[in-house]
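We count ligands from 1, going down the list as the structure has it; atoms in each ligand are counted the same way. We number each residue from 1, following the sequence as shown.
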Amino acid sequence: MPLSFKHLTSTKQLLRRDTDAILQTAAEMEKVLLKGGNDLLAGKILASLFYEPSTRTRLSFETAMRRLGGEVISAEGIQFSSLYKGETVEDTMKVVGSYADIITMRHPEQGSADRAASVCPVPFINAGDGPGQHPTQALLDLFTIHKERGTIDGLKIAMAGDLRYGRTVHSLTFLLGLYKNLRFTFISPKELTMPDKVTTFLKEHDIPYEETHALSAGLVSDVLYMTRVQEERFADHSEYERLKDMYRLDAKMLKGKEVTVMHPLPRVGEIATDVDALKTAAYFRQAKNGVPVRMALLAMLLQAI
Ligand code: CP
């Protein structure tokens, strides 16, 4: 069944039938990866436009396209593109959309992805728009939760750290709203609590959540999703310095616990490296899952499967 959308800018667009199809296709793409790839997207070009720093999202998109036999053109950094000369995102899309078959873009401004998609002549995928949305991260998070826990329905999900500016936790919470009997625990300092747009969504959908400052509340969950304090989003740097070391998860705290530890990465101290060796530390597997999930999305949006 085809996806219900041509462009992906927000997890709020996704239907349950979309996530079911993407998760199933991503599992098939894992088998393709075991064979080294295929030629499903031969002759197709992905434009990979990253106007904010990225390691995982950019490289996993580009890997995904190449593993399916496609090609990649790329632009990295506003200062090396004509956005620096004052070109609008809309004009960039009209032009790049005449070169490539599909576009993914990361941009520092919230709302830039919707503006891009509104004029883009080819499928467009939001790879992160400032503090807005990061829908492909949420999809790979969903795939990871399903792989690690064997289900999504009924789980207790804790999210900790910078819940105010962390676009990944916003996108993932909206996406998890498609599943049944979930309970959320939001762990943050009072300055970085989950924004109203997310808590209002949960109230409207009768999904229970609690808010606390205590990281210990996350240790009794099924999933503990840690996040970095987003230095780049703070207007006042002293505020960032005061809050950045609020939480630090280490192996001693996790002793005897079953909780699956996730993090979108990069981490900058909120998970000690001694956690990495634990079976329940899923964050590097999570990053790896970005490739099959993005392969699935590229193939489905290009209607190759
Ligand atoms: N998780 C994530 O978006 O990582 P990058 O910023 O490295 O792409």
Side-chain angles (χ1 to χ4, degrees), residues 8-11 22 26 46-67 72 74-78 80-81 102-110 112-113 116 124-145 147-148 157 159-176 223-234 240 244 247 249 260-271 273 275-276 281-298:
L8 179 59
T9 62
S10 163
T11 48
I22 293 166
L46 165 71
S48 168
L49 311 178
F50 278 78
Y51 303 123
E52 253 199 344
S54 170
T55 295
R56 277 147 291 275
T57 311
R58 182 169 75 85
L59 296 180
S60 62
F61 258 119
E62 296 182 8
T63 302
M65 193 64 181
R66 290 201 165 103
R67 291 289 188 203
V72 179
S74 63
E76 201 183 349
I78 284 184
F80 300 117
S81 79
I102 188 164
I103 298 175
T104 186
M105 181 183 79
R106 174 171 291 186
H107 192 287
E109 283 171 30
Q110 184 164 355
S112 55
F124 172 87
I125 307 173
N126 180 9
D129 61 327
Q133 275 263 343
H134 194 351
T136 63
Q137 177 69 45
L139 284 166
L140 76 89
D141 293 342
L142 193 72
F143 186 65
T144 303
I145 293 170
K147 276 185 75 172
E148 298 287 327
I157 310 274
M159 298 178 174
D162 185 350
L163 307 184
R164 178 177 176 191
Y165 296 118
R167 60 192 172 200
T168 63
V169 286
H170 308 161
S171 300
L172 180 58
T173 305
F174 291 134
L175 196 57
L176 289 170
V223 172
L224 173 56
Y225 192 105
M226 297 291 293
T227 63
R228 166 180 74 92
V229 178
Q230 306 268 305
E231 180 176 7
E232 63 275 33
R233 312 281 178 226
F234 280 76
Y240 166 73
K244 70 180 168 66
Y247 301 117
L249 189 68
T260 299
V261 180
M262 295 176 63
H263 191 305
L265 303 178
R267 63 174 159 184
V268 288
E270 55 281 344
I271 301 179
T273 52
V275 177
D276 299 359
Y283 33 93
F284 289 114
R285 293 191 290 278
Q286 181 184 355
K288 185 176 179 185
N289 289 336
V291 175
V293 169
R294 291 183 171 111
M295 287 167 76
L297 261 180
L298 291 169

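- For the 3.5 Å distance criterion, the side chains of S48 and E62 qualify, holding a donor opposite an acceptor.
- At least one cation-pi condition fails for R106 and F50: the charged atom is not both under 6.0 angstrom from the six-membered ring centre and inside a 45 degree cone around its axis.
- Side-chain contact, R285 with T144: no donor N or O sits under 3.5 Å from an acceptor N or O.
- Counting atoms of ligand 1 from 1 in the listed order, those under 4.0 Å from a heavy atom of T55 are 5 (P), 7 (O), 8 (O).
- Taking each heavy atom of A64 and L298 in turn, the nearest pair found is CB-CD1, 3.9 Å.
- The residue among H134, R58, R56 with a heavy atom at the shortest distance from atom 3 (O) of ligand 1 is H134.
- By the criterion of a heavy-atom distance under 4.0 Å, the backbone of L265, and not its side chain, is placed next to ligand 1.
- Taking each heavy atom of E270 and T227 in turn, the nearest pair found is CG-O, 3.6 Å.
- The protein heavy-atom contact nearest to atom 6 (O) of ligand 1 is R106 NH1, 2.9 Å.
- If you number the atoms of ligand 1 from 1 as listed, the ones under 4.0 Å from a heavy atom of Q137 come out as 1 (N), 2 (C), 3 (O).
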